[in-house]
S.K.: 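Take a look at the following structure, please.
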Protein chains: 2
Amino acid sequence: MPSISEDHYLKSIYHLTSRKKRKPVFTNELAQALGLRPASVTGMLQRLAAQRLLHYRPYQGVQLTPKGRLRALAVIRKHRLWEYFLVEKLKFRWHEVHAVADLLEHVDSDLLIHRLDAYLGYPKLDPHGDPIPDENGHVPATGFLLLSSLRPPAQAIITGVTEQHPAFLHHLERLNLHRGTRLQVRQISEYDGSMDLLIDPSQPLTISRQTADQILVNSL
Amino acid sequence: MPSISEDHYLKSIYHLTSRKKRKPVFTNELAQALGLRPASVTGMLQRLAAQRLLHYRPYQGVQLTPKGRLRALAVIRKHRLWEYFLVEKLKFRWHEVHAVADLLEHVDSDLLIHRLDAYLGYPKLDPHGDPIPDENGHVPATGFLLLSSLRPPAQAIITGVTEQHPAFLHHLERLNLHRGTRLQVRQISEYDGSMDLLIDPSQPLTISRQTADQILVNSL
DNA sequence: AAAAAAAGTTAGGTATACCTAAAAAGAAAA
DNA sequence: TTTTCTTTTTAGGTATACCTAACTTTTTTT
Ligand SMILES: [Mn+2]
Ligand SMILES: [Mn+2]
Ligand SMILES: [Mn+2]
Ligand SMILES: [Mn+2]
């Protein structure tokens, strides 16, 4: 019953809500995130509110209801399970998965998702290190840190990223930074915050503050 | 660019055309096959004709153009590859696959289908014994016979079915008839055409003419 | 506290894809 | 060859999901 458009609105509201602590999500930021015009967003928000998927007060933004949140998490679960499948089974690269998972996430079959989950061995994290919600909408906690928060001579393992754009993921591949890559922080520039790292086979590497801000790690 | 509705029309016209030798497909049979009203079908046929996907002459039925035929075969290819995936990897049963493949067949990504095909080992037949068209729209010939065309004491192996309804596939499962089942025709009733068979571990079984008409075999 | 700017909503329009009811065309029967 | 029946099309309507342009509400600046 939920349409592709509805899926995208709910998912987008969920992500915007969690990325910033602030409660309501505003029409314009949603329009921005979805690549639509604000007038279109207003119309859809009113219809989603009529379905009790979110609370809508004119001019005051929206918040998901528990029902809306569960719908959003169901879509996110499907998205991340498919991403895992694409990388682990079909040998997709990090930057190729997102666009395809964005199509597969709308396939509506509980049986399919259940069998897929079993086939994949009930993974807890997607290829970007994002947690995969379970069928009840529970999101496992990860406790990952931003690489940019470490200080020399911290050692860590890359566990994920906070940014999905193909250009960024491509950038990481060129730098030879992947999930599972072990690294040590050697030095941080006082001037621009860039980090000197030593990765896997004692190879030195310098990355920008901007890049370090998007990388998640497990500290060792 | 092709919508789910367009996919279904093209696929349905293709199947109706090949199942009967007759050239054009008529509005009412399409409406019947798609579960829609004739008036709706007329409207869509006119729009597909405007896209040069089929030839439409009012009151005279339609025929796919080469372009329309390729579109139909691309959808059928996706459908059958997904069916193969569902059965071989996700352990779906014969009767469960069709509904789910009918959703997955609309996911529009050449990269995905290409990688899926490779992952599955470039299968030539789907779980119902139907040939999987290649990326150029070539449909491999199978040369299977109808079980009902055999005469005692012919021996054969079940290779597929010509009917996809879950009720029929369920019926076959209850009879213990699967793809790969070896059988011998013992006797055919003069009265109602029912067939006495001997299957795998010399187990006798009688099936109706109607059932035998929907089973494809390779004669030994 | 006005005025100006920004944010959000309403009004009216488009395309897709369905529907019912009425009209028209073609095929079959009288 | 008319009449009747069946098939198909047209006409007009609905819901979804977008759009632009005009208007209203809220926020910020003067
Ligand atoms: Mn999507
Ligand atoms: Mn992801
Ligand atoms: Mn389908
Ligand atoms: Mn099949």
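Chain letters run A, B, ... following the sequence lines, proteins first and then strands; every chain starts at 1.
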S.K.: Which nucleotide wins on minimum distance to the side chain of Ala39(A), given the candidates dT25(D), dT20(D), dA17(D)?
M.R.: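 Looking only at heavy atoms from C-beta outward on Ala39(A), the closest nucleotide is dT20(D).
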S.K.: For the pair made of NE2 in His8(A) and C1' in dC18(D), what is the distance, rounded to whole Å?
M.R.: 15 Å
S.K.: Strictly below 4.0 Å: does Tyr59(B) bring a side-chain N or O up to OP1 or OP2 of dA23(C)?
M.R.: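 So the side-chain polar atoms of Tyr59(B) never come under 4.0 Å of the phosphate oxygens OP1 or OP2 of dA23(C).
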S.K.: Out of Asp134(B), Asp117(B), Asp126(B), which one pairs with Arg77(B) under the side chain to side chain donor-acceptor pair (under 3.5 Å) rule?
M.R.: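 Only one option passes, and that is Asp117(B).
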S.K.: Categorize Thr42(A) for me: base, sugar-phosphate, or nothing, with a 4.0 angstrom heavy-atom threshold over every strand shown.
M.R.: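 If one applies the 4.0 Å heavy-atom cut-off, Thr42(A) turns out to touch a base.
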S.K.: Identify which one of Glu105(B), His15(B), Arg71(B) satisfies the side chain to side chain contact (heavy atoms under 4.5 Å, CB included) criterion when paired with Ile76(B).
M.R.: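 One option only clears the test, and that one is His15(B).
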S.K.: Measuring from the side chain of Arg47(B) (C-beta onward, heavy atoms only), which nucleotide among dC18(D), dT9(D), dT16(C) has the closest atom?
M.R.: dT16(C)
S.K.: Using atom types as modelled and distance alone, determine if a side-chain donor or acceptor of Thr159(A) lies under 3.5 Å from a backbone N or O of Leu216(A).
M.R.: yes
S.K.: Is the phosphate of dC18(D), meaning OP1 or OP2, less than 4.0 Å from a side-chain N or O of Arg37(A)?
M.R.: no
S.K.: Using whole Å, report how far CZ of Arg57(B) lies from P of dT8(D).
M.R.: 14 Å
S.K.: So what does Thr27(B) hit on the nucleic acid, given a heavy-atom distance under 4.0 Å: a base, only sugar-phosphate, or nothing?
M.R.: sugar-phosphate
S.K.: Step through it carefully: locate the ring centre of His165(A), locate the ring centre of His170(A), and say whether they are under 6.0 Å apart.
M.R.: no
S.K.: Look at the side chain of Tyr9(A) and decide which nucleotide, out of dT20(C), dT9(C), dC18(D), has an atom nearest to it.
M.R.: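 Closest of the options to the side chain of Tyr9(A): dC18(D).
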S.K.: Round to the nearest Å and state the distance from His106(B) atom NE2 to dT16(C) atom P.
M.R.: 18 Å
S.K.: Picking from dC19(D), dA17(C), dT9(C), which would you name as closest to the side chain of Pro38(A)?
M.R.: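 For Pro38(A), the side-chain atoms sit closest to dT9(C).
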S.K.: So Pro58(A), base contact, sugar-phosphate only, or nothing? Heavy-atom distance under 4.0 Å.
M.R.: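 It contacts sugar-phosphate atoms only.
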S.K.: Atom CD of Gln46(A) to atom P of dT16(D): distance rounded to whole Å?
M.R.: 13 Å
S.K.: Is the closest basic N to carboxylate O distance between Glu29(A) and Arg19(A) below 4.0 Å?
M.R.: no
S.K.: Rounded to whole angstrom units, what separation is found between the CG atom of Leu45(B) and the P atom of dT9(D)?
M.R.: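 Those two atoms, CG and P, are 7 Å apart.
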S.K.: If you only use heavy atoms from C-beta on, which nucleotide in dC19(C), dT26(D), dA17(C) is closest to the side chain of Gln60(A)?
M.R.: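 Of the options given, the side chain of Gln60(A) lies nearest dT26(D).
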S.K.: Parallel, tilted or perpendicular: which one describes the rings of Trp82(A) and Phe85(A), with boundaries at 30° and 60°?
M.R.: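 Geometry flag for Phe85(A) against Trp82(A): perpendicular rings.
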S.K.: How long is the line joining CZ of Phe26(B) and P of dG26(C), in whole Å?
M.R.: 13 Å
S.K.: Measuring to OP1 and OP2 of dT8(D), would you say a side-chain N or O of Asn28(B) lies under 4.0 angstrom away?
M.R.: yes
S.K.: What nucleotide, of dA17(D), dT10(C), dT8(D), holds the atom closest to the side chain of Glu6(A)?
M.R.: dA17(D)
S.K.: Round to the nearest Å and state the distance from Leu36(A) atom CG to dT14(C) atom C1'.
M.R.: 16 Å
S.K.: Is the distance from OP1 or OP2 of dT16(D) to the nearest side-chain N or O of Ser3(A) less than 4.0 Å?
M.R.: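 For dT16(D), neither OP1 nor OP2 has a side-chain N or O of Ser3(A) closer than 4.0 Å.
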S.K.: For the pair made of CD in Gln32(A) and P in dA6(C), what is the distance, rounded to whole Å?
M.R.: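 In whole Å, dA6(C) P and Gln32(A) CD are 15 Å from each other.
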S.K.: Looking only at the side chain of Ser5(A) (C-beta and beyond, no hydrogens), which of the listed nucleotides dA17(D), dG8(C), dC18(C) gets closest?
M.R.: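 Taking heavy atoms from C-beta onward, the closest nucleotide is dA17(D).
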